[in-house]
Chemist: 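Next up is a structure, given as structure tokens.
These values consider heavy atoms only, across backbone and side chains, with no hydrogens, waters or symmetry-generated copies.
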Amino acid sequence: MAVSGFDLAPDAASANQIGGASRGVGNSGHIVLYAPRKGQAYTLRPSFWWGGDPHATYKFHLQALQGTLSWDRQVTGTSMTYPADAPPLKPGKTYLWRIESQSSLFGPPAPSAMIVVLPKAERAQIKTAESKIQGSDEQAGIARAQVLYNHKLWYDTLMAYNSLLAKHPNDAALLKMRDNLYEQLPVTRKLATAPAAASAK
């Protein structure tokens with residue numbers, strides 16, 4: 001069941017609907033950003049996912065709304081973790097990210113999505129909540145993912161579930177938890193019933 005809060009701009013048109021872009025990569029060949037139109041993150045090096053050809057090469061672009069950061073990188077596949085050699089994102093700042101295909105078959109780039117990095121005060125709350133979690137096993141990982149989910153941190157929650165599923169790929173309970181996250185956004189809802197291998201990794 002969908003809950004409010006994962007998309008800070010729920011009343012605006014989806015980032016993947018503006019300009020008539022498709023919500024999926026179908027015959028039209030449009031790229032789809034698997035993210036809220038405006039979503040929050042705790043990590044300074046988030047992972048990003050999109051729908052497209054997993055064998056194709058894309059250009060990832062990140063742009064600060066205020067400031068001078070403008071960063072690009074070519075990537076093959078449909079996901080990317082912001083790397084250690086890139087300038088870290090800054091607490092309290094908002095960024096735009098988009099994907100451009102290197103092939104004309106995919107048409108124009110999908111509209112950008114916004115990622116809002118939590119300010120320092122809110123980051124401290126997350127850190128305090130995480131410090132209360134004991135152990136380092138699967139149950140501790142699930143507890144941490146729940147903290148992130150409760151704070152409506154889309155990017156971090158999906159990263160946490162995908163990390164757990166990388167170690168426990170056939171865990172039905174974990175798959176159900178990630179499916180519940182996918183249900184929170186119209187653009188990712190279709191992934192909830194997809195096989196694990198076809199979901200964002």
Chemist: Can you hop from Leu185 to Tyr34 via hydrophobic side chains spaced under 4.5 Å?
Modeler: yes
Chemist: To the nearest 0.5 Å, what is the distance between CD1 on Ile126 and OG on Ser131?
Modeler: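 Going from CD1 on Ile126 over to OG on Ser131, the span is 11.0 Å.
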Chemist: Give the intermediate values and the outcome of side-chain contact (heavy atoms from CB on, under 4.5 Å) for residues Thr157 and Lys152.
Modeler: CA-CA 8 Å; Thr157 306; Lys152 304 299 184 289; over 6 Å; no
Chemist: List the atom of Leu174, the atom of Glu138, and the distance in Å for their closest heavy-atom pair.
Modeler: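 Nearest pair, atom of Leu174 first, then Glu138: CD1-OE2, 3.3 Å.
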Chemist: Side chains of Asn162 and Trp49, heavy atoms from C-beta outward: is any pair under 4.5 Å?
Modeler: yes
Chemist: What heavy-atom pair brings Gln40 and Leu8 nearest, and what distance separates the two atoms?
Modeler: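 Where Gln40 meets Leu8 most closely, the heavy atoms are CG-CD1, 3.6 Å.
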Chemist: For Arg144, check side chain to side chain contact (heavy atoms under 4.5 Å, CB included) against everything at least two apart and list the hits.
Modeler: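 So Arg144 forms a side chain to side chain contact (heavy atoms under 4.5 Å, CB included) with Glu130, Ile133, Leu148, Ala160.
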Chemist: Treating Ile, Leu, Val, Met, Phe, Trp and Tyr as nodes and any side-chain heavy-atom pair under 4.5 angstrom as an edge, say whether Met80 and Ile99 lie in one connected cluster.
Modeler: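 Shared cluster, yes.
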Chemist: Would Met159 and Met114 show up in the same hydrophobic cluster when neighbours are defined by side-chain heavy atoms closer than 4.5 Å?
Modeler: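 Met159 and Met114: separate clusters.
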Chemist: Is the shortest heavy-atom distance from the side chain of Pro83 to the side chain of Arg73 under 4.5 Å?
Modeler: yes
Chemist: Do Asp137 and Lys167 meet the salt-bridge criterion of a basic N to acidic O distance under 4.0 Å?
Modeler: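 Result for this pair is no, no salt bridge flagged.
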Chemist: List the residues meeting side chain to side chain contact (heavy atoms under 4.5 Å, CB included) with Ser163, not counting sequence neighbours, and say none if there are none.
Modeler: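 Side chain to side chain contact (heavy atoms under 4.5 Å, CB included) list for Ser163, sorted by chain: empty.
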Chemist: Go through the steps for Asn170 and Leu165 under the test side-chain contact (heavy atoms from CB on, under 4.5 Å), then give the verdict.
Modeler: CA-CA 8 Å; Asn170 299 314; Leu165 283 165; over 6 Å; no
Chemist: With sequence neighbours left out, what residues match Lys59 under salt bridge (charged side-chain N to carboxylate O under 4.0 Å, His left out)?
Modeler: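 If we apply the salt bridge (charged side-chain N to carboxylate O under 4.0 Å, His left out) test to Lys59, skipping adjacent residues, the hits are Glu100.
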Chemist: May I ask you to decide if Gln146's main-chain N or O and Asn150's side chain share a donor-acceptor pair within less than 3.5 Å?
Modeler: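 Side chain of Asn150 to backbone of Gln146: a pair is present.
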Chemist: Quick one, Gln125 and Thr128 - any side-chain contact, counting heavy atoms below 4.5 Å?
Modeler: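 SC-SC contact between Gln125 and Thr128 ruled out.
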Chemist: Are the side chain of Glu183 and the backbone of Asp179 linked by a donor-acceptor contact shorter than 3.5 Å?
Modeler: no
Chemist: So, Ser70 and Gln63: side-chain donor and acceptor under 3.5 Å apart, yes or no?
Modeler: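 Gln63 and Ser70 do have a side-chain donor-acceptor pair below 3.5 Å.
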Chemist: In sequence, state the C-alpha distance, the side-chain angles, and the governing distance for Asp53 and Thr78, and then conclude on side-chain contact (heavy atoms from CB on, under 4.5 Å).
Modeler: CA-CA 7 Å; Asp53 182 348; Thr78 54; over 6 Å; no
Chemist: Determine, stepwise, if the pair Asp72 / Arg98 fulfils salt bridge (charged side-chain N to carboxylate O under 4.0 Å, His left out).
Modeler: CA-CA 10 Å; Asp72 298 283; Arg98 69 173 185 267; 5.7 Å; no
Chemist: Please report the closest heavy-atom contact between Leu175 and Pro169, naming both atoms and the distance.
Modeler: CD1-O, 4.0 Å
Chemist: By side chain to side chain contact (heavy atoms under 4.5 Å, CB included), which residues pair with Pro91, not counting sequence neighbours?
Modeler: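 Here the qualifying residues are Leu44, Lys120, Arg123.
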Chemist: For the atom pair CG (Leu89) and CZ (Arg45), what is the distance rounded to the nearest 0.5 Å?
Modeler: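 Leu89 CG to Arg45 CZ: 7.5 Å, rounded to 0.5 Å.
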Chemist: Roughly how far apart are Leu69 CG and Lys93 NZ, rounded to 0.5 Å?
Modeler: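 It comes to 11.0 Å.
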Chemist: For Tyr82, give me all partners under ring-ring contact (aromatic ring centres under 6.0 Å, His included), at least two apart in sequence or on another chain.
Modeler: Trp71
Chemist: List the residues meeting ring-ring contact (aromatic ring centres under 6.0 Å, His included) with Tyr155, not counting sequence neighbours, and say none if there are none.
Modeler: Phe48
Chemist: Looking at side-chain heavy atoms only, is the closest gap between Pro46 and Ile115 below 4.5 Å?
Modeler: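 A side-chain contact exists here, since the closest heavy-atom pair is under 4.5 Å.
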Chemist: Under a 4.5 Å side-chain heavy-atom rule over Ile, Leu, Val, Met, Phe, Trp and Tyr, are Trp97 and Leu158 clustered together?
Modeler: yes
Chemist: To the nearest 0.5 angstrom, please state how far the OH atom of Tyr182 sits from the CG atom of Leu191.
Modeler: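 Output value for this atom pair is 5.0 Å.
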Chemist: Identify the heavy atoms of Lys190 and Val187 that sit nearest to each other, and give their distance.
Modeler: CE-O, 4.0 Å
Chemist: Is any side-chain heavy atom of Tyr42 less than 4.5 Å from a side-chain heavy atom of Val117?
Modeler: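 No, too far: nothing below the 4.5 Å cut-off.
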Chemist: Should Leu118 and Phe6 be counted in the same cluster of Ile, Leu, Val, Met, Phe, Trp and Tyr side chains packed under 4.5 Å apart?
Modeler: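 Shared cluster, no.
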Chemist: Are the side chains of Ile31 and Tyr58 in touch, meaning some heavy atoms are under 4.5 Å apart?
Modeler: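 Ile31 vs Tyr58: side chains touch.
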Chemist: Would Phe60 and Gln74 count as a side-chain contact (heavy atoms from CB on, under 4.5 Å) here? Give the steps.
Modeler: CA-CA 6 Å; Phe60 175 91; Gln74 283 197 342; over 6 Å; no
Chemist: Please give me the minimum heavy-atom distance between Asp156 and Thr43, naming the atom from each residue.
Modeler: OD2-N, 2.9 Å
Chemist: Treating Asp7 as the side-chain partner and Lys38 as the backbone partner, does any N or O pair qualify as donor plus acceptor under 3.5 Å?
Modeler: yes
Chemist: Specify the closest pair of heavy atoms between Tyr161 and Arg178, including all atoms of both residues, with the distance to one decimal.
Modeler: CD1-CA, 3.9 Å
Chemist: Looking at side-chain heavy atoms only, is the closest gap between Leu164 and Met177 below 4.5 Å?
Modeler: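 When only atoms from C-beta onward are counted, Met177 and Leu164 do not touch, as no gap falls below 4.5 Å.
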Chemist: Please report the interatomic distance OH(Tyr95) to CG(Leu62), rounded to the nearest 0.5 Å.
Modeler: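 So the OH of Tyr95 and the CG of Leu62 are separated by 7.5 Å.
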Chemist: Indicate yes or no: at least one non-hydrogen side-chain atom of Trp154 is less than 4.5 angstrom from one of Thr188.
Modeler: yes
